[in-house]
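We number each residue from 1, following the sequence as shown. As the structure is a computational prediction, the values presented were derived from the model and not from experiment.
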Amino acid sequence: MDTTPDELQPIIAAAAQAAGRLADTTPTERAAWLTRIADALDAAADELVPLAAVETHLPETPRLRGELTRTTFQLRLFAEVLADGEFLAATVDHADPSWPMGPRPDIRRSLVPIGPTLVFAASNFPFAFSVAGGDTASALAAGCPVVLKAHPGHPRLSERTGEIVRGALRAAGAPAGAFAVIHGVEAGITALRHPDIAAASFTGSLAGGRALFDIASSRPRPIPFYGELGSVNPVVVMPGAVRARGPRIVEGFVGSFTLGAGQFCTKPGVLLLPSGHGLTDTLAAAVATVPGQRLLNEHIADGFRSRVTTLRESPSVAAISAPAIDDDLLAPTLLSVSATDFLAAGDAVQAECFGPAALVVEYANPIELEQVLRQLEPGLTATIVAEDTEVDDVRQLLPALIGLAGRLLWNDWPTGVTVSWAQQHGGPYPATTAPTTTSVGTAAIARFLRPIAWQGFPDELLPPALREANPWRLPRRVDGKRD
């Protein structure tokens, strides 16, 4: 199914040709496109969900049906973003001859679509981070044509979903070239290097994402590359919480790190417990109740086996639960290490393990705990499990936690990533290549927009968002005050 160079060229040419027409559409028009796509996907659920289950080994219910619901919800949520209008950040400064730094010209600023966007689909969410996922939804909402590079883990689902998206866009009156699906590693790399591609997004492995990021950065004309690459997602458990509710913490942690066979980018991979916690047997018993599961594909399974083998062979690492890893159904692995040994071991122990495995790190005191937090690779999330009486102790850790992750959780588990206006799904590298952005939530649209200031232009030449009459009735800042 790989897209050939002869097939790729007209796809990108069509996207480039459509870019101007998409940029001229109104937010209301684009909102109608997104709603039409969501309706079409919902109508095709009974066809798409079984196809996804066959290709990914994920259960139809509740996982895949829930994920499809999430996908269509976020499409409709971006339609709300378009109706709201604040995403354009329209700002008007009228001419002011008495401006303190000298006479100020009339200058007006808003955001415009960045242009044709290349989206690399993820393997672990065949709906929500794939063909019609959040990157596609936010790029189309911004007014950018999308060239979607399908993930090889679910090619038939990708092709069929792409057909549904294209059909919905046609029915809604979107320009030809607004959306296309391509297949194959070489097609993706060739598209990333193409001069007509203006931005790219990616969800996947650190190695793959970094290679693509380097390509995007080394082009003759570099482009923004929004990659989500990897995350350990540490969970810090304070001593008071262990004493008050240790068994419940164990239940929540095991449920979170084994959810979806540990194939979530927000899987908590490190559990920091105080020395003498007394929960080892409880952890082992909880893990033993979780059945083995097939991973998404053999490539991921091989990577999991290799990483677990490296961990188990480390002389400082002990097994809490270490079942065989040579079966198709992989039971969860839970290992432990002291904070001192964790700090000394480097990447052999500290790097992410994608799949149903986690590492308990036992810290002796608050100083050692902070040392571990400051040495961990930054990631998407960091979780604190504590009692209200431990607020002062946690406060001392906040600088390290803030430097570590894009989303901090208090007495919750990171594997639930709601789609909302306040959500942040990103973090310092290597969690993402662009730590000021998010790939989940309404702020994701900002990745595919760029600012333009218009100085001294006649009103009739300004975009509607900046015209004096404000025909779209947008929220705006005018002369420094909210309009």
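- Between Phe120 and Phe202, the ring planes lie perpendicular to each other; the angle is over 60°, past the 30° to 60° tilted range.
- Shortest non-hydrogen contact noted between Pro356 and Leu330 is CG-O, 4.2 Å.
- The nearest pair of heavy atoms linking Asp412 to Thr383 is O-CG2, 3.1 Å.
- Closest non-hydrogen pair, Leu273 versus Leu279, comes out as CD2-CD1, 4.4 Å.
- A distance of 10.0 Å separates CG in Leu140 from CD1 in Ile445, rounded to the nearest 0.5 Å.
- Although no hydrogens or angles enter the test, the distance criterion places a donor-acceptor pair under 3.5 Å between the side chain of Ser205 and the main chain of Gly208.
- Ala141 approaches Leu34 most closely through the heavy-atom pair CB-CD1, 3.8 Å.
- Asp135 and Ser201 share a donor-acceptor pair across their side chains, judged by distance under 3.5 Å alone.
- Under the 4.0 Å criterion applied to side-chain N and carboxylate O atoms, Asp42 and Arg76 are assigned as salt-bridge partners.
- Distance check, rounded to the nearest 0.5 Å: OG of Ser336 to NE2 of His277 gives 7.0 Å.
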* Evaluation steps, salt bridge (Lys or Arg N to Asp or Glu O under 4.0 Å), between Arg36 and Asp39 -> CA-CA 5 Å; Arg36 182 69 71 96; Asp39 291 345; 5.8 Å; no
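- Although no hydrogens or angles enter the test, the distance criterion places a donor-acceptor pair under 3.5 Å between the side chain of Arg447 and the main chain of Ala444.
- Judged purely by atom type and a 3.5 angstrom limit, Arg70 has no side-chain atom pairing as donor or acceptor with the backbone of Phe127.
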* To do: For Asp302 and Arg307, run salt bridge (Lys or Arg N to Asp or Glu O under 4.0 Å): C-alpha distance rounded to whole Å, both residues' side-chain angles, the deciding distance at 0.1 Å, then the answer.
  => CA-CA 9 Å; Asp302 286 344; Arg307 181 76 187 104; over 6 Å; no
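- When all heavy atoms are compared, the tightest approach of Leu404 to Glu377 is CD1-O, 3.6 Å.
- For the pair Gln263 (side chain) and Ile300 (backbone), a donor-acceptor distance under 3.5 Å is absent.
- Of all the heavy atoms in Pro234 and Leu272, the pair that sits closest is CB-CD1, 4.3 Å.
- Thr310 places a side-chain N or O within donor-acceptor distance of the main-chain N or O of Ser306, the cut-off being under 3.5 Å.
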* Asked: Yes or no on salt bridge (Lys or Arg N to Asp or Glu O under 4.0 Å) for Glu370 and Arg374, after CA distance, side-chain angles and deciding distance?
  -> CA-CA 6 Å; Glu370 186 172 350; Arg374 292 196 180 278; 3.1 Å; yes
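- Under 3.5 Å, the side chains of Ser256 and Thr415 contain a donor-acceptor pair of N or O atoms.
- Side chains of Thr340 and Glu368: a donor on one and an acceptor on the other come within 3.5 Å.
- Looking at Thr71, its side chain does come within 3.5 Å of a backbone N or O of Ala128 through a donor-acceptor pair.
- Of the possible donor and acceptor atoms, one in the side chain of Arg219 sits under 3.5 Å from a partner among the backbone N and O of His194.
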* **Audit row: Arg65, Asp46, salt bridge (Lys or Arg N to Asp or Glu O under 4.0 Å) steps and yes/no** => CA-CA 9 Å; Arg65 287 196 178 271; Asp46 289 342; 3.1 Å; yes
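- No hydrogens or angles considered: a donor-acceptor pair under 3.5 Å links the side chains of Glu7 and Thr4.
- Using the six-membered ring where Trp is involved, Phe129 and Phe125 have ring planes that are tilted, between 30° and 60° apart.
- With hydrogens and angles ignored, the 3.5 Å screen pairs no side-chain donor or acceptor of Asp2 with any backbone N or O of Ala187.
- In this structure, the side chain of Thr433 engages the main chain of Gly227 through a donor-acceptor pair within 3.5 Å.
- Side-chain contact check for Asp214 and Ser217: no donor-acceptor pair (N or O, by modelled atom type) lies under 3.5 Å.
- Ring planes of Tyr226 and Phe448: perpendicular class, angle over 60° (limits at 30 and 60°).
- The neighbour count for Glu251 CD, taken as heavy atoms of other residues, nucleotides or ligands under 6.0 Å away, does not exceed 12.
- Rounding to the nearest 0.5 Å places CG of Leu398 at 7.5 Å from CD1 of Ile384.
- A salt bridge is defined here as a Lys NZ or Arg NE, NH1 or NH2 lying under 4.0 Å from an Asp or Glu carboxylate O, and Glu298 with Arg305 meets this definition.
- With 3.5 Å as the limit, one finds a donor-acceptor pair spanning the side chains of His183 and Glu159.
- The number of heavy-atom neighbours closer than 6.0 Å to CZ of Arg450, taken from other residues, nucleotides and ligands shown, is 12 or below.
- Two residues are said to be in side-chain contact when any heavy atoms from C-beta on lie closer than 4.5 Å; His425 and Leu380 meet this criterion.
- Put simply, the side chain of Thr258 never gets that close to the backbone of Ala261: no donor and acceptor are under 3.5 Å apart.
- Annotation: the span from Thr117 atom OG1 to Leu148 atom CG amounts to 11.5 Å, rounded to 0.5 Å.
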* side-chain contact (heavy atoms from CB on, under 4.5 Å) evaluation trace for Met238 with Val394 -> CA-CA 8 Å; Met238 302 299 285; Val394 172; 4.1 Å; yes
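- In this structure, a donor-acceptor pair under 3.5 Å is absent between the side chains of His151 and Ser158.
- At a cut-off of 3.5 Å, with distance as the only test, a side-chain donor of Asn233 or Ser231 sits close to an acceptor on the other residue.
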